[in-house]
Amino acid sequence: MDPVRVARDLVSARFPTARAAILGGSANTARRTAFSDLDIVVFLDGPPAPFRETTEHEGLPVEWFCHTAESYDDFAARETAERRSPLLHMCGEGVVLLDRDEFGHRTREEARAILRAGPPPLSLAELEDRRYGLTGQLDDLAGADDPDELIFIADRLLIAVAELVLVARGRWRSHGKWLLRRLRETDPEICRELLLGYRQAVCQGTTALLGEVAAGVLDDVGGRLHPGYRRDAPAGFRR
């Protein structure tokens, strides 16, 4: 299957008046697998966009991300503020399928520029929140005496450490397989040691390496934080 040809045909059949369309995700990359779906961003001039929908083509899942120019800007801005933008990555790293007025190519280039610039830096409060959370998780790891609880503690710690490495270094967040890929690109050594420590914890019940890696990452951003941590209730919270 030629994913670009199939995706282009699907767009033409379903959205013949689309302004532009971009094929993102892994389908047209070396990371494609037999289970890779087609992630297609479609730009329309108005309703029914914006919406997201999953369909199927000859047994292949197709994920539609339909936007107007305005809704795309709004979604991308919200995701950028959260330092994780699947939409920007789909557009910036994707293949333009359809482009009636150069909007598709402009959008892809603008997405690439934003991705290169990186996400907004962590505020001091956000960094403190992450330090505080990871401190508590390290305490949970140290005190774990139930092998089943340890699995869940280690899982949460694995994600927290990986995300902290990325956001502290000005890299984009992600989840699942993309979190691993971005961590591996950012710091292969920490990634390797973190995975080894996680496997030792959940398979052997040995927590020393996982705790050591997590503590090292925490030390790099200011260290443990428990006493002295305080957060007031959000503005407008009913007292």
Side-chain angles (χ1 to χ4, degrees), residues 31 76-86 88-89 92-93 113-235 237:
R31 287 172 167 156
R78 293 185 188 192
E79 291 179 350
T80 298
E82 296 175 356
R83 302 179 186 85
R84 175 184 169 271
S85 180
L88 282 177
H89 280 89
E93 299 170 355
I114 295 172
L115 292 174
R116 285 194 299 268
L122 280 176
S123 68
L124 177 59
E126 289 173 317
L127 180 58
E128 287 179 347
D129 288 345
R130 288 184 178 270
R131 288 172 56 201
Y132 177 80
L134 190 52
T135 299
Q137 291 164 27
L138 275 172
D139 288 346
D140 287 343
L141 184 72
D145 55 8
D146 181 322
D148 296 330
E149 287 184 359
L150 176 58
I151 295 172
F152 285 83
I153 293 169
D155 182 69
R156 190 177 175 202
L157 192 61
L158 173 76
I159 303 303
V161 172
E163 286 205 342
L164 183 55
V165 171
L166 294 179
V167 297
R169 301 191 190 186
R171 303 298 179 92
W172 292 94
R173 295 171 51 232
S174 192
H175 66 265
K177 62 187 180 184
W178 284 102
L179 177 58
L180 169 63
R181 291 169 181 175
R182 298 216 167 100
L183 179 62
R184 186 178 280 155
E185 292 169 357
T186 301
D187 196 315
E189 183 176 354
I190 284 181
C191 183
R192 184 169 52 251
E193 291 295 295
L194 181 62
L195 287 171
L196 178 59
Y198 174 79
R199 290 189 177 102
Q200 290 179 353
V202 299
C203 297
Q204 304 169 15
T206 304
T207 62
L209 180 57
L210 180 59
E212 179 183 330
V213 175
V217 170
L218 188 55
D219 287 343
D220 287 342
V221 296
R224 297 173 68 91
L225 179 61
H226 255 171
Y229 178 82
R230 174 190 169 114
R231 285 289 174 269
D232 292 331
F237 185 82

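Everything numeric in this text was worked out from a predicted model, so none of it was measured.
Partner of I153 under the side chain to side chain contact (heavy atoms under 4.5 Å, CB included) criterion, out of L141, D148, D139, L158: L141 alone.
L225 and E128 get closest at one heavy-atom pair: CD2-O, 3.6 Å. L150 and G205 make their closest contact through CD2-CA, 3.9 Å (heavy atoms, listed as atom of the first residue, atom of the second, distance). When all heavy atoms of L138 and A214 are compared, the closest pair comes out as CD2-CB, 3.7 Å.
Crowding of E189 atom CD: a count of heavy atoms from other residues, nucleotides or ligands under 6.0 Å not exceeding 12. Within a 6.0 Å sphere centred on CZ of R156, heavy atoms belonging to other residues, nucleotides or ligands number 12 at most.
Contact of the D187 side chain with the R169 side chain is registered, since non-hydrogen atoms from C-beta on lie closer than 4.5 Å. Taking the side chain as every heavy atom from C-beta outward, L194 and L209 never approach each other to under 4.5 Å. At a threshold of 4.5 Å between non-hydrogen side-chain atoms, the residues E193 and E212 do not count as touching. Side-chain contact between P119 and R173 is absent, with no heavy-atom pair separated by less than 4.5 Å. The closest side-chain heavy-atom distance from V167 to E126 is not below 4.5 Å. Here the side chains of L166 and L179 are in contact, with some heavy-atom distance below 4.5 Å. Between L195 and L180 there is a side-chain heavy-atom pair separated by less than 4.5 Å.
Note: I114 CD1 to H89 NE2 = 11.0 Å, rounded to the nearest 0.5 Å. Put simply, OG1 on T80 and CZ on R78 are 12.0 Å apart, with the number rounded to the nearest 0.5 Å. The CZ atom of R199 sits 11.5 Å away from atom CD of Q204, with the distance rounded to the nearest 0.5 Å. Between L134 atom CG and D129 atom CG the span is 12.5 Å, to the nearest 0.5 Å.
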Check against side chain to side chain contact (heavy atoms under 4.5 Å, CB included), L122 and R130: CA-CA 10 Å; L122 280 176; R130 288 184 178 270; 4.3 Å; yes

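The main-chain N or O of L218 is never found under 3.5 Å from a side-chain atom of R131 such that the two would form a donor-acceptor pair. Counting only distance, with no hydrogens or angles, the side chain of W172 and the backbone of S85 share no donor-acceptor pair below 3.5 Å. Under the 3.5 Å distance criterion, the side-chain polar atoms of R83 are matched with a main-chain donor or acceptor of P120.
Below 30°, between 30° and 60°, or above 60°: for Y132 and Y229 the angle between ring planes is below 30°, a parallel geometry.
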